Amino acid sequence: MAKEEITPSEWQIMEVLWACKEPLTSSEVYRRMQGNVDMSQRMVRVLMNRLNQKDVLGYTVDERDSRVYHYYVLRSREECVKEKSRKFVDSYFSGNGTNAMAALLQSFALTDEQIQELEEILEKSRGQDTENPDQEGETHA
């Protein structure tokens, strides 16, 4: 688990690495980000080092040049989104997932297809609650 939350700037770097699916140097990440974000190459290196300290990225040292690090993802995008979502619910809704979901649902107009997708997610969630009764202290009959 990360020591600290991933910042928006760090998230931009992670998006590059998640999309690539192979280790990249900070220079390669910078090149892929150019034009999309206003960030210096030095800042990319600093943020990648922070992501390593947060146990989100790992690295190997280049065999030909020990000054070059090849960074790779330690935590999937899905893991990070779940953690970010939990922290959001804890921060703004006192940990109450029902209130968080209601607020989000009332903020958007949904298509029938999106509603169907949400119903499927709720059904899966209902099955998970019976497998993990300690979540939120709720169980479903």
Side-chain angles (χ1 to χ4, degrees), residues 1-140:
M1 187 173 288
K3 297 171 188 167
E4 297 175 41
E5 191 169 339
I6 298 172
T7 67
S9 296
E10 292 167 344
W11 197 274
Q12 291 174 317
I13 289 169
M14 291 305 300
E15 290 288 0
V16 170
L17 288 156
W18 286 320
C20 185
K21 299 183 185 187
E22 64 182 46
L24 296 174
T25 65
S26 61
S27 296
E28 291 168 330
V29 170
Y30 175 74
R31 277 195 298 279
R32 290 172 189 242
M33 292 176 71
Q34 256 181 328
N36 297 328
V37 296
D38 187 25
M39 201 180 299
S40 70
Q41 190 166 355
R42 183 181 185 286
M43 179 56 67
V44 169
R45 278 195 311 273
V46 167
L47 293 175
M48 290 178 76
N49 185 46
R50 287 184 189 164
L51 286 163
N52 174 253
Q53 292 171 355
K54 293 177 182 184
D55 296 325
V56 180
L57 290 181
Y59 67 87
T60 57
V61 178
D62 192 277
E63 295 173 3
R64 297 178 299 276
D65 186 347
S66 62
R67 298 172 298 170
V68 177
Y69 293 14
H70 298 270
Y71 290 89
Y72 56 90
V73 172
L74 292 175
R75 299 183 62 228
S76 71
R77 187 178 197 286
E78 292 74 23
E79 285 178 274
C80 293
V81 167
K82 282 182 182 179
E83 182 175 327
K84 201 165 201 50
S85 297
R86 279 190 297 271
K87 287 182 180 183
F88 174 78
V89 171
D90 288 344
S91 295
Y92 295 97
F93 297 94
S94 301
N96 187 316
T98 303
N99 289 346
M101 299 285 40
L104 288 171
L105 289 171
Q106 293 168 2
S107 301
F108 300 98
L110 299 174
T111 65
D112 287 341
E113 184 179 307
Q114 291 169 323
I115 291 170
Q116 177 63 37
E117 187 177 342
L118 287 171
E119 287 173 345
E120 291 170 10
I121 291 169
L122 288 170
E123 277 304 312
K124 286 181 185 175
S125 179
R126 179 171 282 136
Q128 289 175 352
D129 279 355
T130 56
E131 294 170 13
N132 302 320
D134 61 326
Q135 283 184 342
E136 300 277 328
E138 298 177 18
T139 56
H140 295 274

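Just so you know, residue 1 is the first one in the sequence shown, and it goes up from there. Given the structure is predicted, the values throughout are model-derived calculations rather than measurements.
The structure places CG of Leu74 at 10.0 Å from CG of Leu51, a figure rounded to the nearest 0.5 Å. Between Leu104 atom CG and Gln106 atom CD the span is 9.5 Å, to the nearest 0.5 Å. The NZ atom of Lys87 lies 5.0 Å from the CD atom of Glu5; values are rounded to the nearest 0.5 Å. Within the model, atoms CZ of Arg32 and CG of Leu24 stand 5.0 Å from one another, a figure rounded to the nearest 0.5 Å. Atom CD1 of residue Ile13 and atom CZ of residue Arg45 lie 11.5 Å apart, to the nearest 0.5 angstrom. Distance check, rounded to the nearest 0.5 Å: OH of Tyr30 to CE of Met43 gives 12.0 Å.
Under the side chain to side chain contact (heavy atoms under 4.5 Å, CB included) test applied with Glu10, the options Arg50, Glu15, Glu4 reduce to a single match, Arg50. Tested against Gln116 for a side chain to side chain donor-acceptor pair (under 3.5 Å), the candidates Glu113, Gln114, Glu120 yield a single pass: Glu120.
There is a side-chain donor-acceptor pair under 3.5 Å between Gln41 and Ser27.
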| task | Walk me through it: do Glu78 and Lys82 pass the test salt bridge (Lys or Arg N to Asp or Glu O under 4.0 Å)? | result | CA-CA 6 Å; Glu78 292 74 23; Lys82 282 182 182 179; over 6 Å; no
| Are Thr7 and Lys54 close enough, and set up right, to give a side chain to side chain contact (heavy atoms under 4.5 Å, CB included), and what steps lead you there? | CA-CA 11 Å; Thr7 67; Lys54 293 177 182 184; 4.2 Å; yes
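A 6.0 Å sphere centred on CD of Glu79 holds more than 12 heavy atoms belonging to other residues, nucleotides or ligands. Atom CD of Glu119 is surrounded by more than 12 heavy atoms from other residues, nucleotides or ligands within 6.0 Å. Counted within 6.0 Å of CG on Asp112, heavy atoms from surrounding residues, nucleotides or ligands total 12 or fewer; the atom is thus considered open. Counted within 6.0 Å of CG on Asp65, heavy atoms from surrounding residues, nucleotides or ligands total more than 12; the atom is thus considered enclosed.
Scanning for ring-ring contact (aromatic ring centres under 6.0 Å, His included) contacts around Tyr59 gives Tyr69, Tyr71, with sequence neighbours left out.
Nearest heavy-atom pair, Ser9 versus Leu47, reported as atom, atom and distance to 0.1 Å: CB-CD1, 3.7 Å. When all heavy atoms are compared, the tightest approach of Ala100 to Val89 is CB-CG2, 3.7 Å. Contact between Met14 and Val56 at its shortest, heavy atoms only, is CE-CG1, 3.4 Å. Nearest heavy atoms, Trp11 versus Ile6: N-CG2, 3.6 Å. Across Ser76 and Trp18, no two heavy atoms sit closer than the pair C-NE1, 3.6 Å. Here the closest heavy-atom approach between residue Glu28 and residue Pro23 is recorded as OE1-O, 4.2 Å.
Using a 4.0 Å cut-off between charged nitrogen and carboxylate oxygen, Arg126 and Glu123 count as a salt-bridge pair.
The side-chain heavy atoms of Leu118 and Met101, taken from C-beta on, include no pair separated by under 4.5 Å.
At distances below 3.5 Å, at least one donor-acceptor pair connects side-chain atoms of Ser85 with backbone N or O atoms of Val81.
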